[in-house]
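Okay, structure first, notes after.
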Amino acid sequence: MHFSVITPTHNRRQFLPEAVASVRASITAPLDITFEQLICENGSTDDTATWLREAAKQDGAPVRYWSQKIKSLPGPARNTVIKHAPAEAWLVPLDDDDIMLQRNLFHYADLIQQSANTQWFVADFLRMDQERRYLPGEDYYAWRFDSPTDMLRAIFKAEHFIQGNVCYSHKLFEEVGGYDETLPMAEDLDLYVRFLLAGHQPVISPHISHLHRFHTSNISVGVDADKHGNDLREIYDRYAQELGKQGIERP
């Protein structure tokens with residue numbers, strides 16, 4: 001079983017080494033698992049590219065990266081590196097300022113073995129501040145739903161959301177057409193909505209996948225309820241006909 005951890009990065013020299021180190025620290029025994037980290041160096045103007053050249057030479061889990069001179073939106077940045085993942089790979093997003101827990105891949109692999117035909121999984125995650133201090137009361141817990149329709153209904157009621165706490169098959173990713181390359185935000189949620197519209201409901205994995213870092217330069221800084229509502233309406237309008245047939249109202 002092979003996992004490709006997917007990380008776009010832009011001017012995150014401060015945090016990226018910790019993200020890479022966390023993947024390399026993964027403990028997968030006793031399961032027979034291989035893994036790598038695929039990084040899109042997305043038009044950085046700091047010394048991220050220089051650091052990546054050295055990191056790719058170091059011992060440990062393979063780090064492969066691709067640099068582009070002009071910064072692109074998140075969707076195409078993710079698609080760029082996923083093209084290099086093996087067709088049989090399981091894909092695990094990890095932001096360049098987050099930290100993956102050592103047994104994350106193990107827990108996904110263990111559940112994959114138990115869940116024939118399931119194409120994606122959702123875990124829990126914890127939040128920390130810029131200095132890696134745990135933020136009490138800010139944990140994220142995935143919900144269980146009876147059907148893809150029920151999950152879609154909760155998403156578009158703004159009752160539930162999903163971000164980097166997932167693992168999905170390369171096959172499913174290709175089936176729905178990959179990340180949208182025009183969305184400036186919420187490209188991950190848009191992808192998961194298409195997973196659900198295709199009839200694929202995730203299995204909940206009761207483990208902590210990663211530590212999500214809150215800091216002053218988060219991409220999501222300033223995303224309040226109104227902004228999230230706007231993102232939901234934009235996504236809804238893309239699939240309004242299919243969603244309407246399932247009785248899901250526009251947010």
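Quick note: numbers below take in every heavy atom, side chains included, and nothing from hydrogens, waters or symmetry partners. Given the structure is predicted, the values throughout are model-derived calculations rather than measurements.
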| query | When the ring centroid of Phe195 is compared with that of Phe173, is the distance short of 6.0 Å? | reply | no
| Are the side chain of Asp97 and the backbone of Phe15 linked by a donor-acceptor contact shorter than 3.5 Å? | no
| query | Does Glu249 CD have over 12 foreign heavy atoms under 6.0 Å away? | reply | no
| message | Which residue is it: Leu16, Ile39, Val20? I am looking for the one with a side-chain contact (heavy atoms from CB on, under 4.5 Å) to Asp96. | response | Leu16
| CD (Gln241) with more than 12 external heavy atoms under 6.0 Å | no
| note | Value for CH2 (Trp120) from OG (Ser169), rounded to nearest 0.5 Å, stands at 11.5 Å
| Is a salt bridge present between Arg78 and Asp95, judged by a nitrogen-to-oxygen distance below 4.0 Å? | yes
| request: Cation-pi check, Arg103 to Phe106: give yes when NZ or CZ is under 6.0 Å from the six-membered ring centre and within 45° of the ring axis, no otherwise. | output: yes
| Quick one: do Asp237 and Arg250 make a salt bridge, cutoff under 4.0 Å? | yes
| task | For the pair Asn79 (side chain) and Tyr179 (backbone), establish whether a donor and an acceptor sit closer than 3.5 Å, ignoring hydrogens and angles. | result | yes
| Between Arg238 and Glu234, is there a salt bridge with N-O shorter than 4.0 Å? | yes
| task | Side-chain contact test, heavy atoms from C-beta onward, threshold under 4.5 Å: evaluate it for Ile99 versus Arg213 and give yes or no. | result | yes
| said: Between Leu126 and Phe214, is there shared hydrophobic-cluster membership here, with clusters defined by ILVMFWY side-chain heavy atoms closer than 4.5 Å? | reply: no
| request: Assert yes or no for the condition that the ring centre distance of Tyr168 to Phe121 is strictly below 6.0 Å. | output: no
| Taking Glu41 for the side chain and Ser44 for the main chain, is one N or O donor matched with an acceptor at less than 3.5 Å? | yes
| message | With side chain to side chain donor-acceptor pair (under 3.5 Å) as the test, pick out the partner of Asp231 among Arg233, His228, Lys227. | response | Lys227
